[in-house]
Visitor: 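Supplied in structure tokens, the structure appears directly below.
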Amino acid sequence: MKNVHSLSHGAIRINQGNRSVSFFEDQEIELSKNEYRVFQFLFDNRNRVISTEELIYSLWDGLTSEANVYMTMQKLRNKIEKKPNAPELLLTKKGEGYVLICH
């Protein structure tokens, strides 16, 4: 029986039960509450550029700063990217926002 607390697309699998993500069946990477919320939102909108403002209003009801979004993205990259300084999954589109690339 399929786990109803799990979402997947291509090589990405999200475990909603313990706020973790795995890629290509590798070990699960545990995310903080904020990291998970951001990742889930980007996953739900995969391959679409999401502006910082959209993240702020969709996830924090407008009650956080751009700096907090930036720090959350950096923490996510450090956890999910093989080379955080040369990301392949979680990209920044200068002047536009962020995009989670899913093939």
Visitor: State, to 0.1 Å, how close C102 and H9 come at their nearest heavy-atom pair, and which atoms those are.
Guide: CB-CD2, 3.5 Å
Visitor: Between S20 and N18, do the side chains contain a donor N or O and an acceptor N or O under 3.5 Å apart?
Guide: yes
Visitor: CZ/F43 to CD1/I12 distance, rounded to the nearest 0.5 angstrom?
Guide: 6.0 Å
Visitor: Tell me whether L7 is reachable from I50 by hopping between hydrophobic residues (I, L, V, M, F, W, Y) whose side-chain heavy atoms are closer than 4.5 Å.
Guide: yes
Visitor: If you round to the nearest 0.5 Å, how far is CD1 of I56 from CG of D61?
Guide: 11.5 Å
Visitor: Roughly how far, to the nearest 0.5 Å, is the CD1 atom of I101 from the CG atom of L42?
Guide: 10.5 Å
Visitor: E30: what forms a salt bridge (Lys or Arg N to Asp or Glu O under 4.0 Å) with it, not counting sequence neighbours?
Guide: none
Visitor: For I14 versus Q40, what's the shortest heavy-atom pair and its separation?
Guide: CG2-OE1, 3.9 Å
Visitor: So, taking the atom named CG in D44 and the one named CZ in F39, what distance separates them when rounded to the nearest 0.5 Å?
Guide: 10.0 Å
Visitor: Give the minimum heavy-atom separation between I80 and I29, together with the two atoms involved.
Guide: CA-CD1, 4.2 Å
Visitor: Any chance you could lay out the salt bridge (charged side-chain N to carboxylate O under 4.0 Å, His left out) test for R19 and E35, step after step, and finish with the verdict?
Guide: CA-CA 9 Å; R19 292 192 320 249; E35 292 164 353; over 6 Å; no
Visitor: For the atom pair CZ (F23) and NZ (K82), what is the distance rounded to the nearest 0.5 Å?
Guide: 10.0 Å
Visitor: Which value, rounded to the nearest 0.5 Å, describes the distance between W60 atom CH2 and L55 atom CG?
Guide: 6.5 Å
Visitor: Between G97 and V49, what is the shortest heavy-atom contact and its length?
Guide: N-CG1, 3.8 Å
Visitor: Mark yes or no for whether E81, through its side chain, and A86, through its backbone, hold a donor-acceptor pair below 3.5 Å.
Guide: no
Visitor: Which atom pairs, one a donor and one an acceptor, fall under 3.5 Å between side chains of residues 69-76 and the rest of the protein, sequence neighbours left out?
Guide:
{"residue": "T72", "atom": "OG1", "partner": "N68", "partner atom": "O", "Å": "2.9"}
{"residue": "Q74", "atom": "OE1", "partner": "R77", "partner atom": "NH1", "Å": "3.0"}

